[in-house]
Structures are given as structure tokens and as C-alpha cells.
Novice: 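I am attaching a structure below and will ask some questions about it afterwards.
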Amino acid sequence: MAAKLSLKLKNFMQPIRPPLTIFLLGATGDLAKKKILPAIFQLFKKGVLSNNFQLIGMARRPMTHQQFQNYVNKIVSPIVKDADWSKFSQNLFYVSGDLTNAESYKELKHCHQQLQACGNHLWYVATLPKLYLDVIRNIKELSLEKTACGWTKFLLEKPFGTDLVSSQLLNRELLQVFAEDQIYRIDHFLAKETIQNLMVFRFGNGIFEHLWNRHHVDNIQITVAEQMGINERADFYDSIGVVRDVVQNHLLQMLTMTLMEEPVDLQPKTIHTHRMQFLSQLEVLDPITNPGKVVFGQYDQGTLDGKLVKAYRQEAAELSNSLTPTAIAAKLCVNSKRWQGTPIYLRAGKRLAQSVAEITIQFKEPINEMFKKHGIVQRGNLLTLRIQPNEGVVLRMNVKKPGLDLNMSQVPMQFCYKSEFQMGLVEAYQKLIYDAAQGDPTLFPQALDIEASWRVIQPTLDYLQDGDHQPDLYRAGSWGPPSFAKLLARDNRHWSEPSPGICNF
Ligand code: BG6
């Protein structure tokens, strides 16, 4: 099965033109470990990266090339086969360095010159956002943005800046070194298969698009919940919190893909413009002028999968007095003809009851009196787009319950990737590295949509920054503090709890 799958993907993904050097800055960080290095290894296994590629990792930790190879081996060992590994490991190199110091880039340059003459360069910046400007300036100082015989692409991870002003500065500095079409800003949720499917699902099915508006939709909910805590990322996480970590990027991009207008073609530029236009129509999220529209939580200790887990403030000594929110619930509105007045509820956080990401479209109750007159309760249809895990789409419909009497019941009609397509989904990081190398910017947010999304949350950041705002504590393993439920109760609504049963075979 696995062999077949990899063959299929080989046919589908074209090899990236060698020789290729990937410069991975932040090579020993959490993201490199969890996502980037496994994705690069998988691309190598699938033949997308040829033997004529090399990866030079750079991070502070002192390591030799051999030690770095051992380090990567441990990361990819669950997916490794001996033959693949021995070929792959020969392409791994390491420079220990300080990303703020130009001397380190001299060593990186030296290491690269010794390895190979000339080719394509892919820079992947997976480090703390506060280091981005130093990275860009050092690359410029050492003229590393150029390659005499190939292309250079510059990939960087969200969050892009820490607020609107810093993201504008970052964009300006980036454009002094690279052209816009060399810059690939990564928001990996845009590359999740079910998010990519939104365009096809909405615009390729005549039955949905004409219902996709305020006349038929009662409310929209987006949940990105994780059981995981902050792992060893105390320093990183405490400096950004849930708003910068997932709302400014993943949640707003998911929302955009769900609600934006139909593009006239599939050109990346057209899609980017539509994304940006939608984001500019979102009302800003301001806890001061709209109290109660956004509430913050922080996890306390609790039980998850039968195990006692620590409170956020117990995760590291420096967090003992932290006010950083680890969860958020918010209500947003869109200033557009199509969506005016339709509430959007967002919820995200760490150490919540389930690890699940989904979008639900709650349709309005049908307008008819006949069932009501007979005391039969009917509910509006509910469409759930399950992003992960168990990817799929479920539409809940009302049917007559079998029996002698007339009773109504809501039943699911579901499409599941797992059962429908006999192939695995292309993992988001593999897709993005591949697309960047092949020069397809469709799934990458652009400077203007990023700035538009910072604008939406800037008042929230100012509010959190300014005062002594205690987030509401919630028990790890719960669905957040009571204030999350209250936010919807005020509108006579409730959160639609993700069903663990969706596409779960
Ligand atoms: C990252 C966030 O962007 O997304 C993490 O920084 C979060 O805090 C992660 O855990 C979730 O992504 P995925 O794909 O692992 O669900």
C-alpha cells in the first residue's frame, strides 16, 4: 500500500530542479523538528528532491555535521527506511551560529562554497519572529540573496511580525532584499487538503453557493482546538500567545477561504486579491469598544486522556505570573452585502477537550409553520467541514424518523477522505515547500492580506498589552472557561461541539 502511494505521488509531484540547497535557519527548533525536517525527508523519499540537493541547518546549538545527521535521524526514524536514510543523511550539513551575527552567515557561506558550486537556493526561516529582521539584513550584508545560476526563494513562518507596524516594517525590509515573487510566507493551514477543498466545495457545487449568505446562514463557527500544551516552547509561546499564534493567521485565513467572494479565475493574483478584500471587510476585534465580543482564557491544571497535566503557569518558572492567553473565543462581523449581520464565532486554544479543527455553517431554520403546529421541533441544517483529524464534510439533515408517528430527526450525510479516496493526503508542509520551489504562490498569504489581518486584531493586541488583564482560567481538558459559552449564550446560541465520530473508522 505504502509503495503504491509513494509511486502515485511521484507521478504527481515533479522533481525540483537540482542542484538545490536548502538553508534551514532555526534547524533545531520545535517547528523544524515537528514539521519541516520530516516534510523534507518525505519529499526526498518521493523523489521530489534528488541526490543533488543539500540541506545546511543553522542554529545556536553546537553540533558537527555528523551530530546533526544523528539528530535528524532521531526525528525521522519513525518514517525511515535504511536505504532512504543513508542517501538522505549524506546531504545534511550544519553550521552552529547566532542568527543575529553576520559572522555566522560567513561560516554558512563558507560551508556552502565548500560543498557545491552553484544552483537553486531555498531559504527557510523557522526561528523566533523577533529575529527575522536580523536574518534579512545579514543575508543582504553577505550577498546571500543571490545565486549566479538558479533561483532564490525565501520562505518564512508565521507570525509575520508581532503587530501591524512590525509586519509592515518586515514587508518593507523583505522587499529591499527579495522581489515579491521570491517571498513565500507560510501559513500551513492554507495547505491543508480540506482548506484547499473549500474553493471546489463552494464554487464547484451549484447547490451551496446560492445559500452561502446572510439570508440563509444563521452563524458560522470556527474551532481550532488542541489538547497539546506548549511543550518546550515557553519562551516563544509566552511572547506571542494565542492571538498571534493562531488567530491572526490560521483562523482568519480559514475564515477567508470560507466566506470570500468567488474569484473569476484561478490565477494566484486573483485569489490573493479576493482574500485581501475579504479580510479588509472584517470588523476590527476591539475588546474596549465591544466588551464581551472577545474573551481570553489560560489553562489551569486538569486531566487529559486520564493524565494530570500542569497549568500554563507551571510549565516553566518564567511563566509563574504570566497573563498570556492560551485560548480565545470571539465574535466577528463582516461589513459586506453578503454577510452583514451574520455572526462569526471563533474559538481556539491549547489544552482543550479535543484536538480538532473544523468550520461549521449553521443554516437558518426553514420557514414553515406546519411542523411547528404539530409540536415537531425542526432544526436548521448544519454543515461541518472537518479540517482535522478525520478530514471530511458532514451535512446534517432533517428526516422523518421511521415509525407510525411523524417525528423528525437530524441525521448526518458524510463524505470522508479516508474512505472515498484510496490515497493519503499530501501533508501541508510538503505541499508548501514543493509549491514554493516550483514557484506557485497560490497558497501563500501576501503582504497585503497579512497586513489586513493584523489590522483586525490590532485593538486586541493593544488591549492585552496595555493592562493587567487576567485571562479566565479554564481546566485543562475542558472546552474553555464559562465565559466562552456565555459569549454565545448572549446571542441565544451555543458552540457546536465537534463530534469525535465524524469520519472516524
Ligand atoms: C502552529 C502553531 O502554527 O500550528 C502551534 O504555532 C499549533 O501552536 C500548530 O500547535 C497546529 O498545527 P497542526 O497542523 O499541527 O494542527
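Order of listing sets the numbers, starting from 1, for every ligand and every atom in it.
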Novice: Indicate yes or no: does Glu145 engage Lys153 in a salt bridge with an N to O separation below 4.0 Å.
Specialist: no

Novice: Minimum heavy-atom separation for Leu279 and Ser453, please, with both atom names.
Specialist: CD2-CB, 4.1 Å

Novice: Salt bridge check, Glu497 against Arg347: does any charged N sit closer than 4.0 Å to a carboxylate O?
Specialist: yes

Novice: Quick test of your reading of the model: are Glu226 and Lys350 salt-bridged, counting only N-O distances below 4.0 Å?
Specialist: yes

Novice: Can a salt bridge be assigned to the pair Lys158 and Asp187 using a cut-off of 4.0 Å between side-chain N and carboxylate O?
Specialist: no

Novice: Check this for me, if you would: do Arg475 and Asp300 make a salt bridge, where the nitrogen-to-carboxylate-oxygen distance has to be below 4.0 angstrom?
Specialist: no

Novice: Could you pull out every protein residue that has a heavy atom closer than 4.0 Å to ligand 1, ordered by chain and then number?
Specialist: Lys35, Lys158, His188, Phe189, Lys192, Glu226, Met228, Arg233, Asp245, His250, Lys350, Gln388

